[in-house]
Amino acid sequence: MAGRLRSDRRAHRALDLVNFFLADAQTGFGPFVSVYLTTHRWTQVDIGFILTLGTITSLVSQLPAGALVDAARNKRLVASWALGGIIIAALLLAVLPTQFPVMVAQILHGLASCVITPAIAAISLRMAGHAGLGERLGRNARFASIGNGVAAAVMGAGGAYLSPRFVFFLTAALCVPALAALWAIGPGEHARMQTTSRVLDWAGLKRLLMDRRLLVFWVCVMLFHLSNAAMLPLAGSAVTMRAGDFATVIIAACIVGPQAVVALMSPWVGRVAGATGRRRILLLGWAALPVRGLMLAVLPGAWPLVVAQAVSGISAAAFGVALPLLASDLTVGSSHFNLCMGILALGMFVGAGISTTVAGEVADTAGVPAAFLLLAAIGLVGFLVVWKLMPETRPEEQ
């Protein structure tokens, strides 16, 4: 028993490190892409197209990726291949920042991200069980936010004082310790992760697709990202035109602030969601969206932008715990957890794809403040949908 407990602790620590280094690596594909392409004289329309291309790739891949992870017996192997795709995408951006290689990099990153996210969530569920999933997700979010903050600070400084390419070389390098931590999860945990059934649960699938809660939450997720996705890239591009070489420092600060909030809040969010239900956390996270959009519209300066961005940490903490936790609630007793994650992520990428394109067009035609006001209004609609239509999903026996 003592040996098993030590093995479990080692496995959980290894998963902590996976989340830390994976978040480090994924930070390079955030707003730094917009800043990097802006320094290479890409237009806002061209940047919006590239961001949308990656989003469309993720959109098309969500359901197949979720089904793939559900069917895969070795989820560590699937996650490892996805990390390899992220390495290749980062190196393409660093070495060849022209249209075709950047398109390939965005497509490859979109495919890899669709696989890695449900794979890590599935590993977490297998390790913690449904009753302990909220706390494990809070722990995942804490280490991911710390990784994001550290990576943003290092990438921002490196991009400003060394070269913008440094961001993407570092992204590729950070995938190596992520792979090592992934394979450090012990053989006992690995065996439990291989218990996925290969028999398709048609009854469970029908029950999932007919569940009204899934439809309502899908709309909530879509509206969340329709409001959220374009805010930081849009602000980053605007700051780049004013701040020049120091834009990466400001963008890094815009990432570090929210991640500090996430690191502090996420364990509490996981405990509250497990103990008192999911609706309170959803309302808190979605309410922060219109507040953030309004602040970005009326506080256009570089450093006030950092303060406004800190508000997004509230939304990020709530969303990071809520998405996999509600997917687990909706699939209790079935084998479609990752497929449900894929369905919800489909809503996420539908919203994000529309957000970056529409916000870019509005910013070019009516100005950046108008774009932020539009995004804030969409966030308010999302909050109202959660408040009026989203029921509690926490199982009664938990």
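Counting all heavy atoms, side chain and backbone alike, A121 lies closest to M341 at CB-CE, 3.6 Å. Contact detail for W218 and G347: the closest heavy-atom pair is NE1-N, 3.2 Å. The two residues G134 and V321 come nearest to each other via the heavy atoms O-CG1, 4.4 Å.
Counting heavy atoms from C-beta on, the side chains of L223 and I378 come closer than 4.5 Å. Between L226 and V381, the closest side-chain pair of non-hydrogen atoms is not below 4.5 Å. No side-chain heavy atom of L282 sits under 4.5 Å from any side-chain heavy atom of C220. Under the 4.5 Å side-chain criterion, counting only non-hydrogen atoms from C-beta, V102 is not in contact with L92. Residues V18 and F143 have side chains not in contact (no heavy-atom distance under 4.5 Å, counting atoms from C-beta outward). Taking 4.5 Å as the limit, every side-chain heavy atom of D211 sits out of range of all side-chain heavy atoms of L215. Contact of the V262 side chain with the R142 side chain is not registered, since no non-hydrogen atoms from C-beta on lie closer than 4.5 Å. Inter-residue side-chain proximity for L214 and C340 is flagged as met; some heavy-atom pair is nearer than 4.5 Å.
Here the options are V115, L68, V69, the test is side chain to side chain contact (heavy atoms under 4.5 Å, CB included), and the partner is N338; only V69 passes. No option in L284, L283, T276 other than T276 meets the side chain to side chain contact (heavy atoms under 4.5 Å, CB included) test with R280.
Looking at residues two or more places apart in sequence or on another chain, you find no ring pair (Phe, Tyr, Trp, His ring centres under 6.0 Å) involving F217. Annotation: salt bridge (Lys or Arg N to Asp or Glu O under 4.0 Å) contacts of R292 (sequence neighbours excluded): none. Scored by the salt bridge (Lys or Arg N to Asp or Glu O under 4.0 Å) test, R271 finds no partners at all (sequence neighbours excluded). In this structure L170 satisfies the side chain to side chain contact (heavy atoms under 4.5 Å, CB included) test together with V154, M155, F166, L174, sequence neighbours excluded. For D364, there are no salt bridge (Lys or Arg N to Asp or Glu O under 4.0 Å) partners at least two apart in sequence or on another chain.
Remark: the backbone N or O of V386 is paired with a side-chain donor or acceptor of R279 at under 3.5 angstrom. Side chain of T356 to backbone of A230: no donor-acceptor contact under 3.5 angstrom is found. S312 contributes a side-chain N or O that, together with a main-chain N or O of Q309, makes up a donor-acceptor pair within less than 3.5 Å. E135 places no side-chain N or O within 3.5 Å of a backbone atom of P267 that could act as its donor or acceptor partner.
Side-chain contact, S315 with W286: no donor N or O sits under 3.5 Å from an acceptor N or O. Between the side chains of H12 and R136, at least one donor-acceptor pair of N or O atoms lies under 3.5 Å. Side-chain contact, S124 with N140: a donor N or O sits under 3.5 Å from an acceptor N or O.
The aromatic rings of H225 and F319 sit perpendicular, their planes meeting at an angle over 60°, well past the 30° parallel limit.
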Handout entry: F168 vs L91, side-chain contact (heavy atoms from CB on, under 4.5 Å): CA-CA, chis, key distance, verdict
Key = CA-CA 6 Å; F168 301 103; L91 292 176; over 6 Å; no

Exercise for the section: Take F100 and V104, measure what side-chain contact (heavy atoms from CB on, under 4.5 Å) needs, and give me the verdict at the end. Expected result: CA-CA 6 Å; F100 182 73; V104 173; 3.8 Å; yes

Problem - Intermediate values then yes/no, side-chain contact (heavy atoms from CB on, under 4.5 Å), T57 and Q106 - result: CA-CA 8 Å; T57 301; Q106 286 293 97; over 6 Å; no

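Under the salt bridge (Lys or Arg N to Asp or Glu O under 4.0 Å) criterion, no residue pair touches residues 307-320, with sequence neighbours excluded.
Between R394 and D329 no salt bridge is recorded (no basic side-chain N to carboxylate O distance below 4.0 Å).
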